[in-house]
Amino acid sequence: THPPCGCVSQAVAVEPTKVLQLEAHKLHRWLATHPLAQEHLGEMAAHQLHETRLFASLPPTGLSLLQQSMRSSTFEPGAVLLDHIDGHTPVYVIVAGEVAVSVAGFEAREIFRANDVLGLYHFVLGRSSEHFRATSVGYTTVLELSRAQLDNAVRPSPSMHEVSAKAFDP
């Protein structure tokens with residue numbers, strides 16, 4: 001099958017090869033239930049958040065709190081992750097799958113993929129928006145961090161707490 005982007009990819013084996021093919025929903029179920037996968041995904045997500053400008057100054061204790069606070073969710077194709085952004089919008093780190101983000105009034109949509117961070121628009125815009133929608137393209141697994149968990153993780157870092165508070169104020 002072809003990926004949703006419409007592009008075509010091809011893999012060529014240069015020597016005898018065995019391939020394990022998993023159905024998407026089974027892979028996502030495994031990611032959501034396997035303890036070692038959950039631990040690894042939490043580490044990966046904390047690293048991805050730390051790579052963003054917003055979280056770059058967060059100390060290791062804050063990153064650890066972020067990692068411990070994230071919970072895994074799997075969305076079926078077409079499910080709406082976010083239908084607006086405001087001071088309660090969670091932050092998602094995409095583990096597997098794709099999410100299409102659209103903003104009313106704009107024809108283009110942006111596709112977020114594995115390792116992308118979704119839900120930081122309220123930090124960037126500095127305000128709420130009712131014209132924002134994020135929808136899973138196929139089966140999608142994310143690690144979610146709620147506003148309360150974010151506040152708890154950044155509280156030890158005054159500069160991060162100020163940034164968070166300003167970003168979430170309506």
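Numbers here are sequence positions counted from 1. Below, each value reflects all heavy atoms present in this structure, side chains not excepted, and no hydrogens, waters or symmetry copies.
One finds the CD atom of Gln68 at 12.0 Å from the CG atom of Leu145 (value rounded to the nearest 0.5 Å). Atom-to-atom distance recorded for Arg133:CZ and Ser102:OG is 7.0 Å, nearest 0.5 angstrom.
Looking at Tyr139 and Glu76, their side chains come closer than 4.5 Å, going by heavy atoms from C-beta outward. Residues Val117 and Val91 have side chains in contact (heavy-atom distance under 4.5 Å, counting atoms from C-beta outward). Side-chain contact between Ile94 and Thr140 is present, with at least one heavy-atom pair separated by less than 4.5 Å. Put simply, the side chain of Val137 reaches to within 4.5 Å of the side chain of Ile111, judged on heavy atoms.
Looking at Leu143, Val142, Val95 one by one, the single match for side-chain contact (heavy atoms from CB on, under 4.5 Å) with Ser72 turns out to be Leu143.
Closest approach of Val101 and Ala134 over heavy atoms only: CG2-CB, 4.1 Å. In terms of heavy atoms, Gly78 sits closest to Thr135 at O-CG2, 3.4 Å. When all heavy atoms are compared, the tightest approach of Pro90 to Ser146 is CB-CA, 4.3 Å.
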- Go through the steps for Tyr92 and Leu82 under the test side chain to side chain contact (heavy atoms under 4.5 Å, CB included), then give the verdict. CA-CA 10 Å; Tyr92 295 106; Leu82 299 171; 3.8 Å; yes
